[in-house]
Amino acid sequence: MANSPTHSDSPPTATTGWSTLHRHHIGIDLGGTMIKYAVVDTAEGTLTTPLLQLPTPVPVTPPAVAEAFGTLIHQLSSRPHAPHPGASVGVALPAIIRRGIACSAANIDEAWIDLDVERFLTDRLDRPVHVLNDADAAGLAEARYGAGQGDAGRPVTGTVLVITLGTGIGSALFVDGKLVPNLELGHLELGGVKAETQASAVARERENLDWPAYAGRLQQYLAHLEFLFSPDLIIVGGGISARHEDFLPHLCLDTPIVPAQLRNTAGVIGAARHAYLAAPIRE
Ligand code: BGC
């Protein structure tokens, strides 16, 4: 599949126009506690179903997750605007994903590591599946349809960093709208410890930090990222971004910093977009 021609990232034209058949994809976002999923219209970056959720099976092993995905795909197939059964499914995982293979596992079972996830899920679900890191998925959605949109709906040019604050810290880097995958900036060490253990949303809850104290942690982390990457824009996502007014105003950076716009749908939308972009044109 790697050598097949794939969709370009350009908007549709009169000759390449998106048909409804080709642009609707199922997006799935596997989290440590919930699986979020929906059918996504990848031309608009909108959901054609509500955002649905299933509890993540415990333990979060590949066979248990494949079974849950099978159930949800079956459920979505009976909805209006259901994608064609041959349309690829996009899956976001909290893992480094290289050529479809998981190289790490954050809050999911270690059995994922070294698994060819794309092949495994494609076989189990009997549909083509394309997999990517969860922060990369959220970033793809924000860059294309959310806070990273510049003039005329095109992604902001230059270097854009998307940072998701949740159980860990996820990161996605875009250079002129193009994703540099698997960045893992939550694992940068600050003061001898991993940044995500100090500045994630869960770290704030665990340590019962008030907003100014939490903003102090973020300031240190984001100022370091600013020094390393000289970004043109920083987008802050994850569930905590709904409370951006409580912490963003405390930050003092040279880079413009904005909250994510797609909130808890970003992973699902980005996963579906990845499926759309990675799918061979014949699909
Ligand atoms: C993982 C990343 C993931 C992020 C958000 C980190 O702990 O290493 O792969 O994107 O959490 O889930």
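First listed ligand is number 1; within each ligand, the first listed atom is number 1.
Set against the non-hydrogen atoms of H187, the atoms of ligand 1 under 4.0 Å away are 1 (C), 6 (C), 7 (O), 8 (O). Atoms of ligand 1 lying under 4.0 Å from any heavy atom of N133, numbered from 1 in the order shown and given with element: 2 (C), 3 (C), 9 (O), 10 (O). Every atom of ligand 1 with a heavy atom of A106 under 4.0 Å away is listed here by number and element: 1 (C), 7 (O). Less than 4.0 angstrom separates some heavy atom of E196 from each of these atoms of ligand 1: 6 (C), 7 (O), 11 (O).
For residues 218-233, the side-chain hydrogen bond (donor to acceptor under 3.5 Å, both in side chains) pairs, not counting sequence neighbours, are E226-T255. Among residues at least two apart or in separate chains, there is no side-chain hydrogen bond (donor to acceptor under 3.5 Å, both in side chains) pair with a member in residues 45-72.
Using cut-offs of 30° and 60° on the angle between ring planes, the pair H274 and H130 is perpendicular.
The line from OG1 of T164 to CG of D134 is 6.0 Å long, rounded to the nearest 0.5 Å.
The shell of residues lying under 4.0 angstrom from ligand 1, judged by heavy atoms, excludes N182.
Put simply, the side chain of D116 never gets that close to the backbone of I101: no donor and acceptor are under 3.5 Å apart.
No more than 12 heavy atoms of other residues, nucleotides or ligands sit less than 6.0 Å from atom CD of E110.
Closest to atom 9 (O) of ligand 1, if we only count protein heavy atoms, is E184 OE2, 2.6 Å. Considering only non-hydrogen protein atoms, atom 3 (C) of ligand 1 sits nearest to D134 OD1, 3.3 Å.
The shortest N/O to N/O separation between T164 and ligand 1 does not fall below 3.5 Å.
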